Amino acid sequence: MALEKILEDKELGRLLIRANTRARRLTFRTREDAIYVTVPPGTTLTEVRNAIEQLRPRLRAARQKHIRPLIDLNYRIDTEFFKLSLVSGERERFLSRSELGEMQIICPPDADFADEGLQKWLRKVVEEALRRNAKIILPPRLYMLSQKHNLPYQSVKINSSNGRWGSCSARRSINLSYYLILLPKHLIDYVLLHELTHTREMNHGERFWALLDELTEGKAQILRNELRQYRTEF
């Protein structure tokens, strides 16, 4: 098999297969654009196809999680810190009304929501609204939790991280994804406390989890598992 091969599956979509000299087994990573398959050198296409069939139910479920819903007049975001709705208007251009925690997009009556370019533009508009809201909502909440638990940090930045809710550097600089404001309030606090715990414990060892468990009233693992049901995008 070549170093890179693309398979098109009617159910799973595109599978991008790449050989890696360090790979010891087949691994599958599902992303929005494709399923990425890493294989050891010498793996045959038949072996890959067999693995796909064995894992098809799991791959199908993972793929469904990465299929973004169409942003149209039926699309809604309704969370504690951000609400979005789209309504049909009479004008021939898009308008938006935005205030803290809420956004409404007024659409032309003939808007073609199936158009890929329009979908990209709508996502960009919503992402900018998420960024603005996150910059207002998250830093004060991080500061409050920092003061409450005596866990000081150096700085905080809001970014567009897709794949990580947050991070903390050795210098106690905290980065937070603006997608956090799409989470329930208790999970936002869990992520913030997770990063604040890193200001004292930079790894995920026993002392880290013991401290985070203390900060979350013994619910660290429960909250961690609940967070896995969400993703850093919309």
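Source: prediction; values computed, not measured.
- Under the 4.5 Å side-chain heavy-atom criterion for ILVMFWY residues, a single connected hydrophobic cluster contains both F113 and Y75.
- Both tests do not hold together for R224 against Y190: distance to the six-membered ring centre under 6.0 Å, angle to the ring axis within 45°.
- The minimum heavy-atom distance between S88 and L73, with the atom names listed, is N-CD2, 3.7 Å.
- Listed by chain and residue number, R56 satisfy the side chain to side chain donor-acceptor pair (under 3.5 Å) test with D9 (two or more places apart in sequence, or in another chain).
- Two rings, from F208 and H194, have their centers less than 6.0 Å apart.
- Residues K120 and E116 are paired through a salt bridge, judged by an N-O separation under 4.0 Å between the basic side chain and the carboxylate.
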Sequence neighbours excluded and cut-off under 3.5 Å, please list the side-chain donor-acceptor pairs for residues 99-108, or say none.
unit_1 : atom_1 : unit_2 : atom_2 : d
Q104   : OE1    : R97    : NH1    : 3.4

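- In this structure, I71 is not a member of the same hydrophobic cluster as L95, with clusters built from ILVMFWY side-chain heavy atoms closer than 4.5 Å.
- Between the D213 side chain and the W209 main chain, no donor and acceptor come within less than 3.5 Å of each other.
- Q154 has its side chain out of reach of S169: every pair of non-hydrogen atoms, C-beta onward, lies at least 4.5 Å apart.
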Q: Carefully, step by step, assess E127 and K124 under the rule salt bridge (charged side-chain N to carboxylate O under 4.0 Å, His left out).
A: CA-CA 5 Å; E127 285 169 354; K124 186 175 181 180; over 6 Å; no
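- Under the side chain to side chain donor-acceptor pair (under 3.5 Å) criterion, Q119 pairs with no residue at all, not counting sequence neighbours.
- Residue-environment remark: CD (E92) stays at or below the threshold of 12 foreign heavy atoms within 6.0 Å.
- For T79 (side chain) and F82 (main-chain N/O), a donor-acceptor pair under 3.5 Å exists by modelled atom type.
- In R76, the CZ atom is crowded: over 12 heavy atoms of neighbouring residues, nucleotides or ligands sit closer than 6.0 Å.
- The backbone N or O of L192 sits nowhere less than 3.5 Å from a side-chain atom of E195 that would complete a donor-acceptor pair.
- A donor-acceptor pair under 3.5 Å links the side-chain atoms of T197 to the main chain of L193, judged by distance alone.
- The ring of W165 has its center no closer than 6.0 angstrom to the ring center of Y230.
- Side chain of S146 to backbone of L151: a donor-acceptor contact under 3.5 angstrom is found.
- Ion pairing between E8 and R14 holds under the 4.0 Å rule for side-chain N and carboxylate O.
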